[in-house]
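Note that these values count all heavy atoms, side chains included, but never hydrogens, waters or copies made by symmetry. Counting begins at 1 with the first residue of the sequence.
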Amino acid sequence: MIKKEPYYLTTAIAYTSGRPHIGNTYEIILSDAIARFKRAQGYDVFFQTGTDEHGIKIEEKAKAAGVTPQQFVDEVAGKIRSNWDLMNTSYDYFVRTTDEQHVKTVQKIFKKLYDQGDIYKGYYEGLYCTPCESFWTESQLVDGCCPDCGRPVQPAKEEAYFFNMQKYAGQLTQYIEEHPDFIQPESRRNEMINNFIKPGLQDLCVSRSSFTWGVPVDFDDKHVVYVWIDALSNYITTLGYNPDGESGEMYKKYWPGTHIIGKDILRFHTIIWPIILMALGEPLPKKVFGHPWLLIGDGKMSKSKGNVIYAEELVEAFGVDAVRYYCLHEMPFAQDGTITWDLVIERINSDLANILGNLVSRTIAMENKYFDGVVTNPGVEEDVDKELKEMATSCLAKVEAKMENFHVVDALNEIFALLRRSNKYIDETMPWALAKEEDKKDRLATVLYNLLEAIRISAVLLESYLPETGKKILDAIGTEKRDFDTITEFGQLETEIKVAEKMEPLFARIDAAKFMKEVENQKEAKKKAEEPKITIEDFSKVELKVGTVKECYQHEEAKHLLVCKVDLGKETRQIVSGISKYYKPEELLGKQVVVVTNLAPTTIHGIESNGMILSADSKKKTCVITPDKEVKNGSTVR
């Protein structure tokens, strides 16, 4: 295929605060599918991803972990890159904002903006969200919390450099209105204009002086460059952009590019980043696509909520391409998608195992059974063949139309429509019946050729989304015709080639009930393994003694509490215990119990408690621990 113009595609760079979950991983899978498809179309693609590695959050996490910030980000960046590699993504460059080239270029960008009067020094006083590294005004808060992440904010004041955003607001508004495809989806374009630009842009804090982990401002050593100029500039620093002179050949060739980002950071990429570029006198991105979120059930994934699913877990259970397919297929263009273990199984069984896998294995098996695996095309055509051929030859154009505006789900649906039609074609032509009639042998060969050709066309298209699966199918057919140039006309599959003698199932059907039971068992085992363990030294710190209950009565203010006085030999302790649901006061009188005697005293509903009576809990009852033989009060339990 003739090479077309350069195509530069980037993801947002992942923040190195922790391990990415499947919601974070979705973006690289989506971007990889777009990059692979563009390459297949003949574009000269440069696909970049990477990590954002500066900020106070990193500094704090590194301190808590007892390592340097560089050591911390080195480890996390390695995990993120490993995750991207696990998902078989074909990025050309992995940028890190701690890279020397990036740091030096960011310093030059900051200095240029300062020298031309777009950046000035002042003081910032406002409400600061540490996780988002953002200042907010009181009016911007939602229920008193950060409008982006919903976490609490803290008052903060510090010396800072500011970027004059309002200077470029009119120019940006005009650009967005004159370039309707610049921000996708359309609903998000309207949101940026109406909710952020029109109400008035505040000057942007672009340096920090309250922490040190960042790109130093080279003309003011008290400051580090803030995330907006640092992280956003990665899209041009690695291409060889030079604010002080002529930029490198990579920059001239590939910029401007297209950004694939999450909808939660759309404002940064469609307002702040374009204004920085305008101030630098550089072209704006061709397109910014703010993709929706992949939710777990009905909520956003959160480590604090314990509802996170990791790509590694899914890949181990289902394989890379099954995970890629689910992520790509279940994300609508403008609405959030949902992922659960059950839904993944359902999609694998219905689409991958049944529609795709079954079609390929049946067709390969029939070619081997009836013709020893040798492909021929006698050309005995019938009317029933026409619809299959028309769907097959028009599939590329339909998929290209959907991919032009990143409607990836719809593109996949076009391919699977052809696969469904191929399955229907088997039912219509009934190869098994043709095989019983000697004079229908050429017709049978033609039917199987048509099926293999439709499958080949589907597999060539599928390679952008399911690269391993597409290659497996093409290898099984034995074809060398694997380019988009070969799928615009029906009948380009070679003859006299031999299909694989045996086709292993591409995707096995999964017993959902059995699988989910195994998942729950694994979760339980993992939970038990992660439960904190104590050493014998830890246990020896707990002082346990046997005592006899001499007095017991119900707490006047709390019906569930009993107040006990326990004779421990050398002393009598008053202990408040929440066991009145299971014992009446008179049932404990004279009973020997085991007491934790070295707990710090506490006051419970106004009554001091000096210890804890040990009990065994089950779902239906609770019973106090007592020795099976009477022992001396004060005896130590070991």
Any chance [atom1] of [X] has more than 12 other-residue heavy atoms, nucleotides or ligands included, within less than 6.0 Å?
| X | atom1 | result |
| --- | --- | --- |
| E316 | CD | no |
| Q116 | CD | yes |
| K252 | NZ | yes |
| F37 | CZ | yes |

So, [X] versus [Y], ring centres under 6.0 angstrom or not?
| X | Y | result |
| --- | --- | --- |
| Y325 | F416 | yes |
| F268 | H259 | no |
| Y26 | H291 | yes |
| F182 | F289 | no |
| F219 | Y114 | yes |

Any donor-acceptor pair under 3.5 Å from [X] side chain to [Y] backbone:
| X | Y | answer |
| --- | --- | --- |
| D143 | C145 | no |
| T238 | N234 | yes |
| E59 | W213 | yes |
| R324 | N88 | yes |
| T16 | T51 | no |
| Y8 | Y235 | yes |
| S209 | H223 | no |
| W228 | W273 | no |
| S82 | G78 | no |
| Q174 | Q171 | no |

The single option from V206, T105, D115 passing side chain to side chain contact (heavy atoms under 4.5 Å, CB included) against F110: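 Passing option: V206.
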What distance separates [X] [atom1] from [Y] [atom2], expressed to the nearest 0.5 Å?
| X | Y | atom1 | atom2 | answer |
| --- | --- | --- | --- | --- |
| I272 | I229 | CD1 | CD1 | 10.0 Å |
| T237 | D230 | OG1 | CG | 9.0 Å |
| S464 | L328 | OG | CG | 10.5 Å |
| T98 | E53 | OG1 | CD | 3.5 Å |
| I260 | T11 | CD1 | OG1 | 9.0 Å |
| I276 | I109 | CD1 | CD1 | 8.0 Å |

SB check [X] [Y] (cutoff 4.0 Å):
| X | Y | result |
| --- | --- | --- |
| K63 | E60 | no |
| D321 | K471 | no |
| K253 | D44 | yes |
| K108 | D218 | no |
| K263 | D336 | yes |

Closest non-hydrogen atom pair between [X] and [Y], with its separation:
| X | Y | answer |
| --- | --- | --- |
| L266 | M192 | CD2-CE, 4.0 Å |
| A33 | M403 | O-CE, 4.3 Å |
| G18 | V76 | O-CG1, 3.6 Å |

Please identify which of these residues, D92, D483, D32, meets the salt bridge (charged side-chain N to carboxylate O under 4.0 Å, His left out) condition with R39.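 One option only clears the test, and that one is D92.
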Under the salt bridge (charged side-chain N to carboxylate O under 4.0 Å, His left out) rule, what pairs show up with a residue in residues 461-470, not counting sequence neighbours?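 Every pair satisfying salt bridge (charged side-chain N to carboxylate O under 4.0 Å, His left out) with a residue in residues 461-470: there are none.
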Which salt bridge (charged side-chain N to carboxylate O under 4.0 Å, His left out) pairs, counting each pair once, include a residue from residues 205-217, with sequence neighbours left out?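 Qualifying pairs: E158-R208.
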Steps toward salt bridge (charged side-chain N to carboxylate O under 4.0 Å, His left out) verdict (R189, E186): CA-CA 5 Å; R189 181 175 71 246; E186 182 180 353; 3.5 Å; yes
